[in-house]
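Written out below as structure tokens is the structure these notes cover.
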Amino acid sequence: HRKLLSSFFASALRCLDDQGLVHVAMKQGEPYKSWKIVQLAKAATDGALHLQGVLPFSLGAWPGYAHRRTRGFHERFSKQDSEELAKG
């Protein structure tokens, strides 16, 4: 996940003008906190990207959004929400 984000930040920087912004929605807590996304963005862009602010995620701002599990499918947990993971 860290490698994907690092590559994303480096790629995004090439697409931005001087006033460009990158918005990233991340869940709080572990394991996400240990990714150190702010430091990751700075390192991937030689310091060109920096944190401007943090806002709580507003589910209502994203019609149709649904969280998907990232640990794979397990019948016991969220079967209905994770059926796509059972297909591989």
Side-chain angles (χ1 to χ4, degrees):
H1 296 95
R2 288 178 48 86
K3 185 174 181 176
L4 175 68
L5 283 168
S6 182
S7 295
F8 167 73
F9 289 130
S11 178
L13 183 63
R14 293 191 299 270
C15 300
L16 298 174
D17 62 22
D18 291 343
Q19 302 299 312
L21 298 172
V22 175
H23 294 242
V24 177
M26 288 206 38
K27 190 169 179 155
Q28 293 180 329
E30 293 300 341
Y32 313 102
K33 183 179 177 182
S34 64
W35 295 357
K36 299 183 179 179
I37 191 168
V38 174
Q39 294 90 328
L40 191 67
K42 285 182 182 180
T45 62
D46 293 323
L49 291 181
H50 62 277
L51 178 64
Q52 187 173 19
V54 176
L55 300 170
F57 183 74
S58 175
L59 185 60
W62 305 97
Y65 172 81
H67 175 71
R68 296 290 183 246
R69 299 182 69 79
T70 57
R71 288 193 160 183
F73 177 81
H74 192 288
E75 178 106 12
R76 213 173 93 197
F77 302 105
S78 305
K79 181 179 183 221
Q80 182 176 352
D81 292 336
S82 300
E83 286 181 333
E84 75 279 5
L85 295 174
K87 298 173 188 173

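With contacts defined as side-chain heavy-atom distances shorter than 4.5 Å, the pair Ile37/Leu51 does not qualify. At a threshold of 4.5 Å between non-hydrogen side-chain atoms, the residues Val24 and Phe9 count as touching.
Residue pairs meeting the side-chain hydrogen bond (donor to acceptor under 3.5 Å, both in side chains) criterion with at least one partner in residues 34-60, sequence neighbours excluded, are Glu30-Ser34.
Closest approach of Pro63 and Gly60 over heavy atoms only: CD-O, 4.2 Å. Residues Ala44 and Ala10 approach most closely at O-CB, 3.8 Å, considering heavy atoms.
Residue Leu55 is not grouped with residue Phe57 when hydrophobic side chains (ILVMFWY) are merged at heavy-atom distances under 4.5 angstrom, including chains of intermediate members. Linking ILVMFWY residues whenever their side-chain heavy atoms come closer than 4.5 Å, directly or via other members, places Val54 and Leu5 in the same cluster.
No more than 12 heavy-atom neighbours from other residues, nucleotides or ligands sit within 6.0 angstrom of CG on Asp18.
In this structure, CG on Leu40 lies 12.5 Å from NZ on Lys3, to the nearest 0.5 angstrom.
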